[in-house]
Amino acid sequence: MSTVLSHVEMHSDHKQWTSKETLWEDEARIWLNEIDAALADAKKLETVLREHRTAMEAHVEKVGGLRQGRAAHEHALAEYEKGGCGEDLIAMAPKHEQEAEKHYQLYQEHERVKRHHYTALAYWQLFLRAMSREM
């Protein structure tokens, strides 16, 4: 039995190969278009990341501001515990409930920010790892 292919079999192989190569070329051209679109989106990504950073800075300031706002209340408590008359403390007592509500709202906001940030950065790291691998 001969291992040499007939011209008909070779022609059939060539047609199949050409068909597959045409498909591969078409797919690769589609991928090039997708890469071009992703490169265009990279500019949007940079903008979105900068906006995310700005929002995170505002969140940090909000947390710090809430803590600083409570410092006066803590000072009045400390003065009262040292034997002070507690005038400032009495004036601030009704605001304690408002502080509790602000703290709870900021807690909810922080949890939402945390989930959003961790999700976004997890996808970012996966993307970077995927793109860093050899094709």
note = Joining Ile, Leu, Val, Met, Phe, Trp and Tyr whenever any side-chain heavy atoms lie under 4.5 Å apart, the cluster holding I35 also takes in L39
ask   = Rounded to the nearest 0.5 Å, how far apart are CZ of R133 and CG of L128?
value = 11.0 Å
ask   = What residues, two or more places apart in sequence or in another chain, satisfy side-chain contact (heavy atoms from CB on, under 4.5 Å) together with K102?
value = L66
ask   = With a cutoff of under 4.5 Å between side-chain heavy atoms, which Ile, Leu, Val, Met, Phe, Trp and Tyr residues group with M56?
value = V113
query = Below 4.5 Å, heavy atoms only, C-beta onward: do L126 and R129 meet side chain to side chain?
reply = yes
request  = Quick one: list whatever passes side chain to side chain donor-acceptor pair (under 3.5 Å) with R112, sequence neighbours left out.
outcome  = none
message = Test of understanding: with side chain to side chain donor-acceptor pair (under 3.5 Å), list the residues that count as partners of K62, not counting sequence neighbours.
response = E109
note = Residues passing the side chain to side chain donor-acceptor pair (under 3.5 Å) test with H103, sequence neighbours excluded, are none
key: Inter-residue atom distance D36.CG - D41.CG, 0.5 Å rounding   = 11.0 Å
ask   = When the ring planes of H52 and H116 are compared, do they come out parallel, tilted or perpendicular, using 30° and 60° as the limits?
value = tilted
ask   = Which of these passes side-chain contact (heavy atoms from CB on, under 4.5 Å) with H59: H110, H117, K114?
value = H110
message = Restricting to side chain to side chain donor-acceptor pair (under 3.5 Å), what partner residues turn up for Y104, sequence neighbours left out?
response = Q108
task = For residues 12-25, pull every pair meeting side chain to side chain donor-acceptor pair (under 3.5 Å), keeping only residues two or more places apart or in separate chains.
result = E25-R29
inquiry  = Under 4.5 Å side-chain heavy-atom separation, chaining through any Ile, Leu, Val, Met, Phe, Trp or Tyr, what else clusters with Y118? Say none if it is isolated.
reply    = none
task = With sequence neighbours excluded, tell me which residues meet side-chain contact (heavy atoms from CB on, under 4.5 Å) with E81.
result = none
ask   = What residues, two or more places apart in sequence or in another chain, satisfy side-chain contact (heavy atoms from CB on, under 4.5 Å) together with L45?
value = L49, W124
query = ring pair (Phe, Tyr, Trp, His ring centres under 6.0 Å): which pairs involve residues 25-50, sequence neighbours left out?
reply = none
